[in-house]
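Okay, so here's the structure we're looking at.
Lettering follows sequence order; numbering is per chain, from 1.
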2 protein chains.
Amino acid sequence: MYEDLKYWYLRDHKLFRTLSFGQIRQLCIITGFKKAKKGEIIYFSSSDLPRIFLLKKGNIKIVAVDEDGNETIKDIIQKGDLFGELTLEADSQSNEYAKVLSDDVAICSFLMSDFEDLLLRNPSLALSYTKFVGLKMKRIKNSYSNLISKDAKTRLFQFLKDWAEKEGKKIEDKVVIENYLTQNDIAQIICTSRQTATQLLNEMETNGTIIYSRKEIIITDISKL
Amino acid sequence: MYEDLKYWYLRDHKLFRTLSFGQIRQLCIITGFKKAKKGEIIYFSSSDLPRIFLLKKGNIKIVAVDEDGNETIKDIIQKGDLFGELTLEADSQSNEYAKVLSDDVAICSFLMSDFEDLLLRNPSLALSYTKFVGLKMKRIKNSYSNLISKDAKTRLFQFLKDWAEKEGKKIEDKVVIENYLTQNDIAQIICTSRQTATQLLNEMETNGTIIYSRKEIIITDISKL
DNA sequence: ATAGATTTGTCGGCTATGTTACAGTTCCAC
DNA sequence: GTGGAACTGTAACATAGCCGACAAATCTAT
């Protein structure tokens, strides 16, 4: 099913660009493919064999639940991102799942073990992959140290700036972001309470720095953030 | 110089255990070797060619300085740990240095580019290394989410527990840790102010959970942490 | 032994942010 | 279109932990 499609999906990712047709086929053979709609929950750790996923379309959030049942947003995954057992070590105890944010998503996946085989046969891919994981690590470090050392307002600013950079569409000197997050989501991402987030967003709106709605966020002057 | 010694140093690390004599020699040829005393500062990013370091003896802390001149402790490196450009991407803008904590340290290092070559020739090493970096990432994630969601007291407890696990010596039912950190260091690691750390430590001492001195920390009952 | 530097102890005021609580809005399904 | 669910707005109150300030203890070098 979709054999060609999957091929191109993987081919599309910068990590796999250097691979030959045959090599990608190796992954494709066992590749899973899945579509899902807004609000759906996709479990990936625990369940069956450990996999690596590639989000082809839409947005999802990775949510972790701790012992007390508190939910934390671990990551927002966008079109083109890899997620899952990126460390190549299945860890069963982490209690994470993915929730679909956009209207619908398309995900393809392959088995971690197959990927390992591929890496063993392609040292240069292994190297790129290591760098890829390293980059991810660096990003995480960065965002965490932001969370720790800055106050909620700065964190929100930084978050909006990053978001705008990744997904915003520049229209004249404004930046328009499609807003698929609730204020609660935003609050969780910047690690603050929903109320504080609401307050800060409203403050920014009265200041004229942003125009907020459930559909989109318009940043009137990105340089002011 | 020390050719044999360096060989064994590298050989000793679990990552390199599977390598042949020749392969390690490849790294050794350009390996640097260095000793330093307490308080010394070792710059590693910026400076010359990007390197990966292996701490053979002692303890160091990795300190980052941000734009405003604030120091944050990024990591505590112990005997046997690798540090430096582990992501295989030299990044010049990060302003980090290492400071020697224990009385003296021994460090050996090799060039990132040589290591890359080695990885390219050893797919299985590449794979282990990828997993190694992945593990590091997981640890970082973990400790950061601790920092964010728990209060200072819990963080201190967790820190002591981890420290005891890594380096503590069990004597009867007590755990003794050699204390090479100042209270200020501890405060920075658990991301709180020096005063709060002091207060919490004293509180624990009056509670009888620990016995604190500049030389060592004794945890009277590890199970209570 | 002495002086200076570093580390530790303690206090009170201050502020950002979490919490609780409730009301108003928007969205969606039937 | 209507009812219920999910989301957003606002306020009062509590508090953890930061900050400044200073004193006491301990280490280090000469």
Sequence neighbours left out, what passes side-chain contact (heavy atoms from CB on, under 4.5 Å) with [X]? Give chain and number order.
{"X": "T72(A)", "value": "A64(A)"}
{"X": "T220(A)", "value": "I211(A)"}
{"X": "F157(B)", "value": "K153(B), M204(B), L225(B)"}
{"X": "D221(A)", "value": "S223(A), K224(A)"}

Euclidean distance, atom NZ of residue K215(B) to atom C1' of dT26(D) [Å, nearest integer]: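 It works out to 10 Å between those atoms.
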Between P of dC7(D) and OH of Y180(A), the distance in whole Å: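 Interatomic distance, OH of Y180(A) to P of dC7(D): 16 Å.
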Give each protein N/O atom lying under 3.5 Å from an N/O atom of nucleotides 14-19 of chain D, with the pair distance.
from	atom 1	to	atom 2	distance (Å)
dG17(D)	OP1	A152(B)	N	2.9
dC18(D)	OP1	T192(B)	OG1	3.2
dC18(D)	OP2	T192(B)	OG1	2.9
dC18(D)	OP2	S193(B)	N	3.0
dC18(D)	OP2	S193(B)	OG	2.8
dC18(D)	OP2	T196(B)	OG1	2.7

Contacts of type ring pair (Phe, Tyr, Trp, His ring centres under 6.0 Å), residue Y212(A), not counting sequence neighbours: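 Y212(A): no ring pair (Phe, Tyr, Trp, His ring centres under 6.0 Å) contacts found.
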Spacing of T154(A) atom OG1 and L156(A) atom CG [to the nearest 0.5 Å]: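 Output value for this atom pair is 9.5 Å.
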side-chain hydrogen bond (donor to acceptor under 3.5 Å, both in side chains) involving Y129(B) - partner list, sequence neighbours excluded: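 Once residues adjacent in sequence are excluded, Y129(B) has no partner under the side-chain hydrogen bond (donor to acceptor under 3.5 Å, both in side chains) criterion.
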For L82(A) against I52(A), the heavy-atom pair lying closest together: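 Scanning both residues completely, I find the closest heavy atoms to be CD2-CG2, 4.2 Å.
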Between the first and last five pairs of the helix from dA1(C)-dT30(D) to dC30(C)-dG1(D), the angle of the axes, rounded to 10 degrees: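 Inter-axis angle at the ends, rounded: 50°.
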Residue pairs fulfilling salt bridge (charged side-chain N to carboxylate O under 4.0 Å, His left out) with at least one residue in residues 204-218 of chain B, sequence neighbours excluded: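 Matches after skipping sequence neighbours: none remain.
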Pair listing, salt bridge (charged side-chain N to carboxylate O under 4.0 Å, His left out) test, anchored in residues 174-202 of chain B, at least two apart: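 Sorted pair list: K61(B)-D185(B).
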Parallel, tilted or perpendicular: ring planes of Y180(A) versus W163(A), cut at 30 and 60 degrees: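 Y180(A) and W163(A): perpendicular rings.
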Charged N-O contact under 4.0 Å between D75(B) and K136(B):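 Looking at K136(B) together with D75(B), the answer is yes, because their closest N to O distance falls below 4.0 Å.
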Opening and closing nucleotides of DNA chain C in contact with chain B, under 4.0 Å to non-hydrogen atoms: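 Footprint of chain B along DNA chain C, 5' to 3': dT7(C) to dT10(C).
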Over 12 non-hydrogen atoms of neighbours within 6.0 angstrom of NZ in K138(A):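 Result for NZ/K138(A): enclosed.
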Near-strand residues of residues 202-214 of chain B, defined as heavy-atom separation under 4.0 angstrom from DNA chain C: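 Contacting residues: N202(B), Y212(B), R214(B).
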